[in-house]
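Some notes on the structure that comes next.
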Amino acid sequence: MPTAFNLFRVIAISVVSCLTLAAISHHYLFNATENVVGRSMRHDIAWTGTNGRLEAAHFEKYVARFGALGTTKDAEAAQLYYQILRSRLSTWNSGVFRKFIESSPERLELLNTVTARVENLETDIARIEMPDARKRVLDALSEISPVIEQIGAETFINSMQQSSAVRDDLRYHQELYYWLFIALMLSGVIAIVFTAYQNRSLRLAHLAEAKQADKLFFLARHDSLTKLPNRSAFEAAYTSALERKTGDDQIVIAAIDLDGFKSVNDLLGHAAGDAVLIAVSKLLTAETLNQDSRNVVCRIGGDEFLALLWMPSNAPMSMEFANRILKTLSRPLETRFGEIMIGASIGMATSEDNAVDDLIVSADLALTRAKVAGKGVALSFQPDMLVDLKRRLRLEADLGLAVAADQIKPYYQPKVDPSTLQLTGLEALARWRHPELGWISPAEFVPIAEGSGAIFKIGKMMLDAACRDAISIPSDISISVNLSVLQILNDDIVDVVKQVLSSHRVPASRLTLEITESVMMTDTEKVLDVLTNLKKLGVRISLDDFGTGYSALSYLARFNWDELKIDRSFIQGALCDPMNLTIIRTVKILAQEIDAKLTIEGVETHEQHELLRGIGCDTAQGYLFGPPVPLADLEPLLLGALTGKQTKGKDEKKLPVDLTDYVIAIN
Amino acid sequence: MKYLFFTIVAVVSLLCAAPISYAQNLDAVALTIDGEIAGDGPRNFSISELEALGSVTIETETPWHDGKVKFEGVPLDRLMEHIGASGKTAFVIALNNYRTEVPISDFSKYPVILAIKKDGIYMPVSDKGPLFIIYPYDSYDELNSELYYSRSAWQVRSITIN
């Protein structure tokens with residue numbers, strides 16, 4: 001563009017210069033033409049010259065007539081014409097004519113001679129009736145007349161030459177005018193051409209700008225990675241869809257979240273994550289547009305997508321559609337990083353559901369529920385999800401006060417030796433009795449507490465309470481307390497444990513801290529560091545829920561665990577699937593190898609108990625041996641434990657506690 | 001024509017009487033005006049009679065003289081008024097038979113005079129006298145053209161109004 005711009009500037013300046021030059025030229029040409037025209041109008045000496053010739057001829061004629069005829073009239077005429085001729089010669093000797101005469105020295109000399117000769121005739125003219133005078137006049141005239149004729153003729157030639165010069169000048173000027181006209185026309189044409197060119201450039205620039213504006217507008221409304229509409233564009237589409245919707249349509253909002261996307265990012269890198277998002281975007285777009293061209297898919301951030309679906313009213317198609325999407329996304333995705341497996345969970349809400357207020361919020365709730373329900377599933381919004389949400393918000397608000405109001409307390413569940421049924425330990429479990437909502441399960445409030453930060457207070461309170469209660473519990477019974485991931489990642493956990501133990505004067509060896517396997521997934525190095533420091537205090541460390549998460553056996557090698565607690569699902573499935581029992585056996589061998597105790601959770605029936613006895617694990621826990629109860633309710637059990645010690649080997653099958661008592665107690 | 005003849009006779013006799021001098025007879029008929037004028041027949045004017053109508057002066061350059069020349073004479077529009085001219089054109093004939101046509105409108109448009117004196121002296125025939133139609137050439141650019149030069153007749157003898 002700068003070159004074109006400079007070129008245009010040069011051309012524009014040239015055109016303006018050309019026009020200026022033409023205007024100046026025109027001015028001078030006009031003046032010159034005026035001069036020429038003025039010249040053409042000037043006194044024409046040919047006229048004076050010609051009349052001189054005539055007058056000389058008349059004069060000669062009257063002198064001759066008088067000589068021939070002797071008429072007085074002719075004499076008078078001759079005398080008059082003498083005066084007239086003198087007048088003529090005086091004219092020839094003055095003004096413009098004189099200049100012409102002077103232009104040739106010969107001519108000047110001739111005229112001077114003639115003038116003198118004519119003046120000399122005065123005496124003879126006065127005596128014209130005398131023949132000798134007349135003869136002298138005629139003699140003189142025979143010399144004078146040819147000179148007058150000659151000068152007269154020369155004036156005519158001169159006049160012709162001047163006229164010719166004037167005509168030539170005019171023609172030349174006309175030619176100049178012609179070229180001036182051509183120059184003006186060319187300047188005009190060049191100016192028009194370049195104006196058009198500039199207009200074109202401007203138009204192109206304008207188009208480029210408009211294109212840029214379109215691009216910016218697109219960027220403002222779209223996700224830059226997947227080119228899908230963004231949240232604000234989606235909401236605009238959603239609002240307009242609700243306005244356009246007729247009774248024959250239903251609008252379904254599907255909230256789609258990828259399962260395992262974080263692992264792809266962590267294991268394969270963000271570029272692979274982006275490739276997955278792009279591939280998923282294409283699949284989702286294809287699937288939804290295939291179903292209805294009015295459908296819209298957007299990415300609202302991370303690995304979450306929203307789809308707006310038009311469906312015929314009263315047709316339960318949304319679940320079919322959702323399952324088709326799940327099926328599509330469950331296939332390996334083709335990316336430039338190779339095939340990547342991913343899954344998705346879907347939550348949906350439809351405009352036909354009267355309970356639904358906001359489709360997007362409702363779909364989101366359904367998605368949350370779907371993820372909790374185990375991922376890879378699609379769920380439609382149900383009113384109770386909204387109830388759940390409200391309850392969750394309520395619990396979150398009340399949780400902060402619950403600790404201070406002493407609503408959350410430790411309940412203790414017995415851990416026994418499955419072969420002797422001897423009480424070996426108690427696990428402290430947080431129980432929240434809400435003044436209005438009643439009992440709140442830890443599975444429900446712990447995640448909320450982790451989200452709101454209340455978990456630190458609760459965790460410290462549990463530690464404190466467990467250590468305080470340990471004083472009134474026989475010293476050979478260990479006390480287990482759960483630590484949440486947030487507590488472990490918090491810097492002061494080692495100090496907190498140390499301080500609590502010392503303030504209640506409880507030996508560290510009596511305290512077992514349980515952490516779930518999932519804790520190890522967050523920041524392995526830091527967790528191992530904290531656990532090592534805790535273990536240095538003398539407390540025992542237990543790996544809880546073993547076998548459920550991403551069990552990596554390397555954890556077992558990297559830390560000196562005191563206890564492995566195998567997840568309740570294994571013993572509960574042991575009767576149906578012998579494989580579970582095999583796993584338990586294997587873990588038992590593993591535990592022995594790393595010098596850790598093995599605890600089986602979730603033992604509820606005698607059959608399960610029988611199986612355990614066969615394996616020979618160290619500790620068992622479950623409703624069969626007792627549910628979590630307040631410390632006060634444990635007194636009979638503690639007594640039983642003491643009794644058990646005393647009656648060891650007497651009746652091995654006898655359970656120390658009647659289960660029903662505890663069930664009643666927690667309800 | 002008889003007036004013309006009479007005039008010529010008068011002039012010639014005068015010249016015969018004083019051949020060296022160009023002194024003119026100021027009372028002899030110098031100009032005859034006829035055509036569409038008031039009264040019956042042509043009107044004759046001597047130089048004195050013309051002078052009696054009142055003279056004005058024009059000082060101007062001409063193509064036929066060197067430098068500026070001072071002309072005195074009767075304004076032609078005054079003369080036309082005097083004779084009651086009702087035509088549009090004055091047909092002018094000179095002693096040398098030169099003929100020209102002058103629109104009478106020229107006389108009102110420009111202060112044109114019928115000059116009698118040049119530089120204070122009555123003009124003889126040998127100096128374009130006795131009567132010379134003079135336009136104020138220096139005062140009007142457009143008068144410096146062949147058209148007005150051709151209307152500037154000298155040695156004027158008669159005028160016919162038509």
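Residue numbers begin at 1 in each chain, while the letters A, B, ... track the order of the sequences. When reading the values below, keep in mind they use all heavy atoms of this one structure, side chains included, and skip hydrogens, waters and symmetry mates.
The environment of CG in B:D141 is sparse: at most 12 heavy-atom neighbours from other residues, nucleotides or ligands sit within 6.0 Å. With a 6.0 Å radius and a threshold of 12 heavy atoms from other residues, nucleotides or ligands, B:E61 has its CD atom above the threshold. Counting heavy atoms of neighbouring residues, nucleotides and ligands inside a 6.0 Å radius, atom CD of B:E36 exceeds 12 of them. Atom NZ of A:K99 is surrounded by 12 or fewer heavy atoms from other residues, nucleotides or ligands within 6.0 Å. Annotation: B:R78, atom CZ; neighbour count of heavy atoms from other residues, nucleotides and ligands within 6.0 Å is above 12. Heavy-atom contacts from other residues, nucleotides or ligands closer than 6.0 Å to CD of B:E81 number 12 or fewer. Within 6.0 Å of atom CZ in A:F156, 12 or fewer heavy atoms from other residues, nucleotides or ligands are found, so the atom counts as exposed in its surroundings.
Contact annotation for A:N93: only backbone heavy atoms (N, CA, C, O) come within less than 4.5 Å of a heavy atom of chain B. Of the atoms belonging to A:W47, it is side-chain heavy atoms, and not backbone ones, that fall under 4.5 Å from chain B. Looking at A:R88, the atoms closer than 4.5 Å to chain B (heavy atoms on both sides) all sit in the side chain, from C-beta outward.
Remark: side-chain polar atoms of B:D66 are not paired, donor with acceptor, to backbone N or O of A:S94 under 3.5 angstrom.
Side-chain atoms of B:Q155 and A:S87, non-hydrogen and from C-beta on, do get closer than 4.5 Å to each other.
Atoms CG and NE2, on B:N97 and A:H58 in that order, are 6.0 Å from each other to the nearest 0.5 Å. A distance of 5.5 Å separates OG in B:S126 from CZ in A:R86, rounded to the nearest 0.5 Å. Taken from NE2 in B:H65 to OG in A:S90, the straight-line distance is 6.5 Å, to the nearest 0.5 Å. The distance from the OG1 atom of A:T91 to the CH2 atom of B:W154 is 4.5 Å, given to the nearest 0.5 Å. A:Y81 OH to B:N96 CG: the interatomic distance, rounded to the nearest 0.5 Å, is 6.0 Å.
Contacts with chain A (heavy atom to heavy atom, under 4.5 Å) involve these residues of residues 98-108 of chain B, listed by number: B:Y98.
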